[in-house]
Structures are given as structure tokens and as C-alpha cells.
Number of protein chains: 2
Amino acid sequence: MTTQMMIELIAVLTAVRDDVPQVMTIDHGRLLPSGPLESTHRSLQAGVRAWVERQTGHPIGHVEQLYTFADHDRLLTTGQGRLIAISYLALTRSHAGETGWRDWYDYFPWENSKTDVGRDCLAIIERLLCRWVANMDNAAVRVRQWQRCVSLFAIGDMVAWNDELVLQRYELLYEAGLVAEAGCPPEDAVPGQAMHHDHRRILATGMARLRAKIRYRPVVFELMPEEFTLLQLQRVMESLSGVQIHKQNFRRLIMQQQLVEETGRIEENTGGRPARLYRFCGEVRQARQFVGTKIPLFQP
Amino acid sequence: MTTQMMIELIAVLTAVRDDVPQVMTIDHGRLLPSGPLESTHRSLQAGVRAWVERQTGHPIGHVEQLYTFADHDRLLTTGQGRLIAISYLALTRSHAGETGWRDWYDYFPWENSKTDVGRDCLAIIERLLCRWVANMDNAAVRVRQWQRCVSLFAIGDMVAWNDELVLQRYELLYEAGLVAEAGCPPEDAVPGQAMHHDHRRILATGMARLRAKIRYRPVVFELMPEEFTLLQLQRVMESLSGVQIHKQNFRRLIMQQQLVEETGRIEENTGGRPARLYRFCGEVRQARQFVGTKIPLFQP
DNA sequence: TTGGCTTATACTCAATATGAGCATAAAGAA
DNA sequence: TTCTTTATGCTCATATTGAGTATAAGCCAA
């Protein structure tokens, strides 16, 4: 007995502009590029590429699968059928003058913990979560949930901030009824723009995957221009992870891994001493593609 | 335009018996437990659980999604429809006297690189791959593919063996036409039992995921009995990863991470001095569930 | 022209973490 | 008893990491 199914492909397409990670959206920032799998698509990846390029005009590079959802709230409105969503993370380089790009942190201001906006947002969240648990009847549940808040949002610096827990933090806020998607009135919601359906949740999944992946695979270079200075590279990693990096140690680690090589050219507009330009060389030099990237991401 | 779809759920259910990782199979070891998603399933995970329990009678614990496939060779034979397969990794504890369990390394003998069988198998593979690239016309392609062989199978110890590349190694053997699934005659195939469809590929995906995950999440304990000695724990990690571990350093790392606590009881049947028994305590002690596991897996 | 600001780049130093091994303890077996 | 086996405690050299100092080389404004 096969039921009526519909497969939706959803892309979290990410690029970096002016050291700020951005995501491609449609519908005025309320939806991720997406569309149904069609019989003309040769594969799932091909389908994702087709939809993104059709809806945004932007060709995409690196693509990897994120997650497949088929919850019960994903029922087709047209009948007894079921809607399955397969989400993808895609990375791409430049995008001068295109529309549809939005900052990651418009949707997740609290994830930008290195900025003032992020810190303010976290302070608000802390208060709201505190109120949320205070209203719980069962004492044991209250303690456990507060523990969860503390460890996910690094409240009270007994626990270090873990930048990879983007999804878990969003889900906690959802459960606490502090995001618009959970049906809460805007005045009770945490800062950050909402999206339709569960697209903000999918964005969180993509952000978490990318934050995890840049630690052990050289995927950052998918987002960098051909030539870049080491500070530019550092800025991109910092803004992706939302965490500060010690400059000298960052250089040391990048250099000793031999992922980059000097181009011989110089960037003059640094605001200070000119900087050497580098290019990614992991692809060419090592046919062994399975190299890692170690980054000194620390907590301040 | 929605096409006719069928969703298949496939489980890589893993347990450990006598320090050997095993996978649950049906059809005499030729298939992984699997079945179509039905409208009665409340979620994908629930569907996986239902199918595994119906086909094998074994209840499962930890479950996580692996990958969703929809390649063109996955067309429904009944028409123009498409078959989508969503695969899951599941972990479970004991399974005394159940049928259907097979050793991981019956399917992937070369992945058991710490044993003699594994080393012999790797020697055979090296010869076959050597012959494969030797027959290539284009010199540039030959060099690149040989590079790939060298780095994936750690040929000539210029490169260290990477135990997480299970899937990449299988895919290389598939491309080289050295596995039965690629349609090669049995006498040309590499050792290791084949499976129907792409189930061996999915098993490889599950093995790779588990090998990667035990390094940074305390999932091993899902496979351990309630009480265990540190050597038992080490043996399980070694057999999962196919890599040797330095005993004293392993103990040091496990102890200092405070993932386990003494039960106060003693295991007598060690073959030597009796050993203390431990239990996993990460779950209870730390409501912060996001703890890691660091293991000193080295290459000999 | 000079001092101040910015970023770049080279090095140092202490604290940890890691790989490898030694030594002793405690059981059973020959 | 002596040998073998596993358990467990401890040392030591080396590598990695976090943090900071020092100097270089641009720009700009006084």
C-alpha cells in the first residue's frame, strides 16, 4: 500500500559578504528556495540545483544533504498524502547585487554572540527562559529544563558557549513558546525574524552543520574569493562560528596545515600594514582530499 | 505535477557481541531490515522502528538518520515512479540467541585492519587496484586514481590509515569493478560478502558514521552492557574502529573525562588480575548531554 | 616630519595533551 | 614456585595550544 507522497527539496544556500554569512531566501526572506522533486530531475542534488537556480538565478557549488523530515504536521492539505522534505546545505562564492540574500543573524541574532547585538539578545533570552521555567508546576521538570537552558545558552558561565548547538537552542526556544513559529504573540517572542513553515528550523540545521564542518574539513574556502588575506579568512571563520579567534594562533594553525599558499601579491587596503595574499591549495597539492582544518576557536 | 513515489526505510542496526560489531540482516544476510513508509507510521523514525521490530523481533534504542537516496537506478519497476530510500543508523545492546546478526567484517573484511584477515585482504586489494589502474589508457587519470587508491587504502605507508573512510573505500572498489554489486564475476571480486541492491553501500555509510561519532560523542555506551571493565570498553572501541588503542592512555582519557564511574564490583574472569567494573554515568551526572568522548586511536 | 592608530608578522613562554613505555599488583596455570 | 595474563599506577619526552610580547609597515592628522 503506497500512499500519495510529495517530495520537497529545500536548500540552505550560504555565502559570505563583507564578512557576514548570508542565506538565500525567496518570498521577502520568509522562505528558503524550495520546490517539489520532479521526474525530470536526474537526482536529488540535481533537483536542488535546478530549483535554486530557477528561483534565484544563482548557480551553486558545494552541496551536501542535511536532513529528511516527514513529521505528521507535514501532511498534504489535499488529502491523506504525506509531504517529505529533503534539505540540503549549499555553499557558493560571490553574489554582487543579487536579491534574496539575508544575514544569518537576522534570523538568529543570539547566535552572533561576539557582537553587542548578540549579547543583548542573549540577555533577553535569559530573562524569558527564566520566566518560562519559573511557571512550571513540577519541580523536577523545572530543574531539568533550567539545566538545559543553562547548558545550551551558557548561562552563568559555568558552562562554555557551544557554537554548534544552533538547532538545539532553536528547539528549546520553540518549546518554550518564544518564537513566532510556535504561535506566540510577537511581543512575547525573542528577537529574530521568523520564517514560514519550519524553514527557520532548517536554516538552523544548516548553520549547525556548517559550524561543525569548518572545524574538520576545509569547506571555508568554498566561501572565500580566489585570493584572500589571512585576516579575511579569520573574519569569515569568526562570523560563521560567532566566536572570536586569537589572531596569531589562527595564522600559526592555518600555515602549518599548508592549506594555503602565497600568491606573491599584496593587499594594500588593510587599514594598516599591507598583507600578503593567499590562495587555497589543498585541492591541487593533495590529491588526498581528506584533509582537515583545525581552528583555534575559543570562548572569551 | 507530483510523480508516483515510494519511500523505503532502511536500518543499519548495530550491536556488539564478543567484542565483534554486528549488523542485523534479513534474507540470509543479503538485505538490511527495510520496508515502505506507511500512512500508519507517525514519523520516519517510528516507521524504522516498526519495520525492524516486525522483521527481526528486536527492539531498538538510539536511532539517527543516515542518508536519503533517490538515484536514477532507483526507479520503480511498476512505472514511471521513483523510489526514495531513507536510511537510519540504530544502536542496541544485547541480543542473545537471535538470528539475523552478521559480523560487520563479513561484508568488509578489509576494514578490520587490526587482524590478520584484514591485512591479508588489504594485500589482495592492493594487487587488484594496482592492476586496475595499470589498465588505464590516460596517464593523467591513472596517476590521479592511483593517488586515490594510495590515500584511501594507506598503500605504502606514506599515508596513515583513516578508519572513517569506509564509504569512500567501498565506492572506489565499486568503481574499480571489484565487488559483486558492480557486476563483476566472483573470481575477480575482493573478499567480503555482497548484499542485494545497494544495501552494502548503506552499511558502509552506517559504519563510517559510527566510527566518526564514537570519537566525539559517548555513543559507545549504547552498545555496552550495564557494567563493563575498561578493557571491555577498549575492545569494543577497537573493533568498531578497526584500530589499536594504547591501553594505559585509553584508561587515562576515559577516566579524566569522567564518563564512567566505578560500580564497586569486580570482574573475576579476566584471565589475569580481576578488574574493576564501571558504568556509564554521563547521562545522569551531566544534564548537559553534549559531552564528547576523546579516544587515543592511533596508527601502528 | 612626527607621533598615533591600524593591521601584519615573527617569536616566546607556560600549561596541557598526547604517545610511548616502565613498574608493580593480583589472579590462574604449569 | 615460576610463568603468563591482565590490571593499574606512574614517568617522561614531545607536540599542541592559549596567551602574550615585540617589531614592522602602512595611513593620517597635527
Got a sec: does the CZ of Arg265(B) have more than 12 other heavy atoms crowding it under 6.0 Å?
-> no
Atom CG of Asn249(A) and atom C1' of dG20(D) are separated, to the nearest Å, by 9 Å
Length of the CZ-P vector between Arg252(B) and dG21(C), whole Å = 13 Å
So what does Leu231(A) touch, heavy atoms closer than 4.0 Å: a base, only the sugar-phosphate, or nothing?
-> sugar-phosphate
Round to the nearest Å and state the distance from Gln256(A) atom CD to dT9(C) atom P.
-> 17 Å
Write down the distance between CD (Glu262(A)) and P (dA8(C)), rounded to a whole number of angstrom.
-> 14 Å
Residues in residues 266-277 of chain A with a heavy atom under 4.0 Å of DNA chain C, by number, are Thr270(A), Gly271(A), Gly272(A), Arg273(A), Pro274(A), Ala275(A), Arg276(A)
Distance below 4.0 Å between Lys247(B) side-chain N/O and dA7(D) OP1 or OP2 | yes
When you measure from the centre of the six-membered ring of Trp161(A), is the NZ or CZ of Arg169(A) under 6.0 Å away and within 45° of the axis?
-> yes
Modelled atom types, side-chain donor and acceptor of Gln145(A) and Arg148(A), under 3.5 Å = yes
In terms of side-chain heavy atoms, does Asp106(B) have a donor or acceptor partner in Gln193(B) at a distance below 3.5 Å?
-> no
Atom-pair distance (CD on Gln244(A); C1' on dA19(D)), nearest Å = 14 Å
How close or far is atom P of dT6(C) from atom CZ of Arg235(A), stated in whole angstroms?
-> 12 Å
How long is the line joining CZ of Phe250(A) and P of dT9(C), in whole Å?
-> 13 Å
Taken to the nearest whole Å, CD/Gln257(A) to P/dT16(D) is 11 Å
Carboxylate-amine/guanidinium proximity below 4.0 Å for Glu267(B) and Arg276(B) = no
Heavy-atom closest pair, residues Gly29(A) and Tyr107(A) = O-OH, 2.7 Å
